[in-house]
Amino acid sequence: MKFKALVVDIDGTITCANRELHLEAVKKMRTLKVPVVLATGNILCYARTTSRLIGLGGAVIAENGGAVTVRYDLNGIFEGSLEECEKAFSFLSKHFKLTKLDPTYRKTEIALRRDFDLEKARALLETQPFDVELVDTKYAIHVKSIKINKGIGLQKLAGMMGLEAEDFVAIGDSANDVEMFEAAGFGIAVANGDDRIKEVANYVTEASFGDGAVEAIEFLESNGWI
Ligand SMILES: O=C(O)COP(=O)(O)O
Ligand SMILES: [Mg+2]
């Protein structure tokens with residue numbers, strides 16, 4: 001097997017347990033000859049800044065696939081999915097006290113603080129016609145369109161890079177990485193990953209957080225896959 005690029009989640013994958021950037025994972029990514037795309041539930045400017053400061057090329061998938069850019073000097077492409085999420089948010093707000101995260105900058109979905117009953121909210125949403133779902137990343141609960149995810153974002157960005165999604169190895173830690181693992185040619189979950197991502201992973205590292213990302217890259221190198 002030979003892969004042409006990596007797509008790497010941010011929170012829980014190249015961070016430490018306290019959410020600081022994991023410097024060994026950064027150093028490891030800097031040594032790679034293949035392109036490294038960051039894919040995150042975070043807002044676009046966060047993803048672009050992280051890519052820039054790591055020393056990557058600026059190709060990012062943000063807002064769980066709702067926003068992508070292929071280079072720093074190109075504007076983001078945003079999906080028109082916020083309105084549907086706002087409708088679901090208004091409905092849920094009648095039942096729970098909800099706090100939006102980064103609402104000024106988030107253009108295609110809504111991220112919420114994890115301080116309400118997720119299962120109850122899911123059950124309530126099922127009674128409604130909205131094409132949205134609630135995804136828990138362990139860092140936030142995202143109200144997102146069912147038509148958008150990191151996997152579809154990867155297909156779009158891969159095309160912009162002249163690649164296929166299957167040319168990528170994906171590294172991640174949680175439920176919002178599942179479709180990205182399915183779209184990519186190979187998926188590696190870090191040990192702190194949740195059950196959903198470990199189920200679809202081709203390989204699970206022994207180490208957690210950024211140490212797991214380093215292990216994942218060393219595993220690929222030792223097999224000659226990148
Ligand atoms: O935005 C989140 O909730 C988590 O971010 P991540 O996709 O980089 O792990
Ligand atoms: Mg993550």
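Throughout, residue positions are numbered sequentially from 1 according to the sequence presented. All ligand and atom numbering here is 1-based and tracks the order in the structure. This one's a predicted model, so the numbers in the text were calculated from it and none came from an experiment.
- Taking CD1 of Ile54 as the reference point, atom CD1 of Ile14 lies at 4.0 Å (rounded to 0.5 Å).
- The part of Asn176 lying near ligand 1 is the side chain, judged by heavy-atom distances below 4.0 Å.
- The minimum distance between the Mg ion (ligand 2) and any N, O or S atom of Asp9 involves atom OD2.
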query: Does the pair Asn176 and His142 meet the rule for a side chain to side chain donor-acceptor pair (under 3.5 Å), with working shown?
result: CA-CA 9 Å; Asn176 67 333; His142 297 255; 5.1 Å; no
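- Side-chain contact annotation: Thr108 with Glu63, donor-acceptor N/O pair under 3.5 Å present.
- For the pair Lys100 and Phe89, the cation-pi test (distance below 6.0 Å, angle within 45°) is passed.
- Looking at heavy atoms from C-beta onward, Leu6 lies out of side-chain contact with Phe186 at the 4.5 angstrom threshold.
- Judged by the shortest distance from any of its heavy atoms, His142 lies inside the 4.0 Å radius around the atoms of ligand 1.
- In summary, the atoms of ligand 1 found under 4.0 Å from a heavy atom of Gly41, numbered by their order in the structure, are 1 (O), 5 (O), 6 (P), 7 (O), 8 (O).
- Residue-environment remark: CG (Asp115) exceeds the threshold of 12 foreign heavy atoms within 6.0 Å.
- Here CG of Leu44 is found 12.0 Å from CG of Asp102. Values are rounded to the nearest 0.5 Å.
- Close contacts of ligand 1 with Thr40, meaning ligand atoms under 4.0 Å from a residue heavy atom, involve 5 (O), 6 (P), 7 (O), 8 (O).
- When OD1 of Asp173 and O of Asp11 are joined through the Mg ion (ligand 2), the resulting angle is 90° to the nearest 10°.
- Cation-pi geometry between Arg114 and Tyr139 is not met: the NZ or CZ atom fails to fall both under 6.0 Å from the ring centre and inside 45° of the normal.
- In terms of protein heavy-atom proximity, atom 4 (C) of ligand 1 is nearest to Thr137 OG1, 3.6 Å.
- Per-residue contacts place Ala140 under 4.0 angstrom from the following atoms of ligand 1 (heavy atoms of the residue considered): 3 (O).
- Heavy atoms from both the backbone and the side chain of Ile10 come within less than 4.0 Å of ligand 1.
- Close approach to Lys150 involves these atoms of ligand 1, each under 4.0 Å from a residue heavy atom: 7 (O).
- Scanning the protein heavy atoms around atom 9 (O) of ligand 1, the nearest turns out to be Asp9 OD1, 2.8 Å.
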